[in-house]
Each structure stands twice: as C-alpha cells, then as structure tokens.
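The structure under discussion appears below in the form of structure tokens.
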Amino acid sequence: MKRPTSCLRAVVIGNGSSVDALPPEAWRVLDVRGPLWRIGTNRALVFSALANVRLDVLVLRDRPRRFWLDQRWGSLYEQQFVIPFSRSGGWVVGHDRTAYADEHVCFAKDWQSSCPESPDGLWVMHNSSAVLMAVNWAWLCGCRDIAMIGVDYCGPHAAMIERWSGAEMAYQGLYDKPVPPHIEKDFAFAANAITDEGGRLVNLSAKSALKAVEPMDWQAWSR
C-alpha cells in the first residue's frame, strides 16, 4: 500500500455538526481548483454526511476502541470500516501503534515544518486534537493550502449512519463549555507557523467557537 500522491490542497474533517451542514455538492465543487486530499479523523468513516464522499486518508489519534464508551463499538469500527478502508486504497495514519494503520506517527514538541524521520515513524505536532495532528501530517506531505471542517468546539457531534447513531460515544459533553485556552493556543501556533512558511490554514466550519484560525466560507475557499 502506497501513501496517496502528494498534492497542495487538503480538507481535514473534524467531528462537529458543521460537517452535516456542508451541502453535498460542496465536495464536488472543492475539487474544481485541482487535486484535493480529503482527510477524515477518528469516526469519520461512519458520518452520514460522508456516505457518498471518497476519503483519501483517515487519521486516528487513539485506538478506535476508545472513540465509544462501550469499546466493542470501537472494535467493530476497526474491523468493519478502518481495515476495509485501508484495503480498498485509503491510507490510515495512526499514533497508537496497536491501531491498525498504514503509517504510524510520533508526537514531537511544537509545530513541525520539516520532515524529520525517527525509527518509530514520522514526527507530528504534539497536541490534543486529531485535526491538528492531521493538519501537520498533511503539511509534511506537501499540502500548503489546508482547510478544516467540523472543527466547531460547540454544538452536537456530526450525525452517524444508522445503527452507529445510537452508540454512546466517549468524551461526552466535551464541547458544552468554552474552548479551552490550550486548544486556542495549539491552533493559533499551527496557523501562524503555516502562514510563516507561505501556506494557509482556514476553518470552513460555519458556527465554530474556535477563534484561533481564520474562518472562511467553503465557496470562497474553492475559488
């Protein structure tokens, strides 16, 4: 299995309900400017809004079993979605070496703008967000214009497909409070680092509570 061919643009998909609010045709329109990586994170393979969207990469910050309160759901997710995704041509990036992944990464302090290799894998920014892990990984792979969707830090989780919609998730109530300062700091650090290197990081999540990254309408980013 080979890593997807590098391209300059990427959309990293978080787990907020702004994923549901994005019109289905947006995924086609976003391709107009040229090749685009669609990078899902964590539970993205069972999001209803992505049922007809081809993902190129899935980034897992933890083992899949940790994404649901009942870990059996995570095991099913790995067996029924993550492994088949990889076998059908998708690329899986994981931090936890016990997770099924095509490529493992290690965390390092601060943002990485170069691509240092270690015996254990590729170093990416150490942070508390799978989205930022994916953003840094995409940057190291050559993407220079990166957008995020589903990075809301408020409101409900993105809707999941039937059967999975009733499974109780871990980290309940995570977005019922203001965005923690360390989250704002991590996103600001990444956005500034990308800008300093001549790239761009924007947030396409319409109702995001995150202030650290420039908001942008998906239509404006697609032009």
Side-chain angles (χ1 to χ4, degrees), residues 4 7-24 26-27 29-31 33-45 47 49-50 53-61 91 93 95 105 111-113 124-159 171 174-175 178-180 182-223:
C7 64
L8 294 177
R9 301 169 58 240
V11 173
V12 176
I13 304 164
N15 58 25
S17 60
S18 60
V19 176
D20 302 331
L22 197 67
W27 295 104
V29 175
L30 289 172
D31 274 338
R33 285 179 52 214
L36 173 74
W37 273 359
R38 300 171 179 85
I39 304 176
T41 59
N42 294 345
R43 308 180 188 91
L45 296 180
F47 287 178
L50 301 180
V53 176
R54 174 188 55 79
L55 296 182
D56 302 290
V57 181
L58 177 68
V59 173
L60 304 173
R61 192 178 189 280
W91 187 259
V93 180
H95 165 57
V105 299
W111 174 262
Q112 281 73 61
S113 58
V124 297
M125 180 185 185
H126 187 196
N127 60 79
S128 55
S129 168
V131 167
L132 276 179
M133 173 182 166
V135 166
N136 196 182
W137 180 85
W139 176 269
L140 293 174
C141 291
C143 296
R144 292 296 176 263
D145 193 4
I146 304 173
M148 309 181 302
I149 184 70
V151 184
D152 303 347
Y153 283 98
C154 62
H157 192 283
Y171 320 119
L174 188 63
Y175 305 130
V179 183
H182 74 278
I183 296 290
E184 292 280 4
K185 180 180 178 181
D186 281 352
F187 275 94
F189 193 94
N192 291 335
I194 287 175
T195 299
D196 290 345
E197 294 287 334
R200 176 171 67 162
L201 177 66
V202 299
N203 190 0
L204 307 183
S205 311
K207 296 182 179 179
S208 179
L210 184 74
K211 296 179 172 58
V213 180
E214 176 191 0
M216 183 173 285
D217 179 82
W218 69 267
Q219 292 172 308
W221 189 72
S222 68
R223 290 196 285 268

Here the pair of heavy atoms bringing L204 nearest to I149 is O-CD1, 3.4 Å
Are side-chain N/O atoms of N203 and S205 paired as donor and acceptor at under 3.5 Å?
yes
Checklist entry - Are R61 and N42 side-chain neighbours, meaning at least one heavy-atom pair lies under 4.5 Å? => result yes
For a 4.5 angstrom cut-off between non-hydrogen side-chain atoms, does F189 reach L132? no
So CH2 of W91 and CG of L58: to nearest 0.5 Å the spacing works out to 13.0 Å
Does the side-chain contact (heavy atoms from CB on, under 4.5 Å) test come out yes or no for M133 and M125, once each step is laid out?
-> CA-CA 6 Å; M133 173 182 166; M125 180 185 185; over 6 Å; no
Aromatic W221 / basic R9 pairing, under 6.0 angstrom, 45° off normal: yes
Rounded to the nearest 0.5 angstrom, the OG-NE2 distance for S17 and H157 is 10.0 Å
When every non-hydrogen atom of A134 is compared with those of V12, the smallest separation belongs to CB-CG1, 3.6 Å
Output for pair (N192 CG, W111 CH2), nearest 0.5 Å, gives 11.0 Å
### Query
Looking at side-chain heavy atoms only, is the closest gap between V131 and F187 below 4.5 Å?
yes
- Less than 4.5 Å apart, any side-chain heavy atom of V57 and any of V93? yes
| field | Side-chain donor/acceptor of D20 to backbone N/O of A159, under 3.5 Å | value | yes
* Full working for side chain to side chain donor-acceptor pair (under 3.5 Å) between S18 and D152 -> CA-CA 7 Å; S18 60; D152 303 347; 2.6 Å; yes
Heavy-atom closest pair (C154 atom, A209 atom, distance to 0.1 Å) is SG-N, 4.0 Å
Strictly distance-based, threshold 3.5 Å: is any side-chain N or O of E184 a donor or acceptor partner for the main-chain N or O of K211?
yes
**Flag side-chain contact, heavy atom, 4.5 Å: W139 against V124** = no
Point to revise | Any donor-acceptor N/O pair, T41 side chain to I13 backbone, under 3.5 Å | key: yes
Between R144 and C7 (side chain of the first, backbone of the second, donor and acceptor by atom type, cut-off under 3.5 Å), is there such a pair? no
What class does the angle between the rings of W37 and W137 fall in, given that below 30° is parallel, 30 to 60° is tilted and above 60° is perpendicular?
parallel
Practice problem: Starting from the C-alpha separation in whole Å, work towards a yes-or-no answer on side-chain contact (heavy atoms from CB on, under 4.5 Å) for H95 and H126. | Solution: CA-CA 11 Å; H95 165 57; H126 187 196; over 6 Å; no
Test side-chain contact (heavy atoms from CB on, under 4.5 Å) on L55 and I39; report intermediate values, then the result. CA-CA 6 Å; L55 296 182; I39 304 176; over 6 Å; no
Checklist entry - Do I183 and L210 have side chains that get closer than 4.5 Å, going by heavy atoms? => result yes
### Task
With side-chain contact (heavy atoms from CB on, under 4.5 Å) as the test, would you mind laying out the steps for Q112 and L140 before giving the verdict?
CA-CA 8 Å; Q112 281 73 61; L140 293 174; 4.3 Å; yes
inquiry  = Is the shortest side-chain heavy-atom distance between I194 and V135 below 4.5 Å?
reply    = yes
Interatomic distance, OG@S129 vs CG@N136, rounded to 0.5 Å, equals 11.5 Å
Rounding to 0.5 Å, atoms CG (D31) and OG (S222) come to a distance of 10.5 Å
Rounded to the nearest 0.5 Å, the CG atom of N127 sits from the CG atom of D186 at a distance of 5.5 Å
Shortest non-hydrogen pair, I146 vs A138, comes out as CD1-CB, 4.2 Å
Smallest heavy-atom separation, S208 atom then V151 atom, equals OG-O, 2.7 Å
* Asked: Do Q219 and V29 have side-chain heavy atoms sitting under 4.5 Å apart?
  -> no
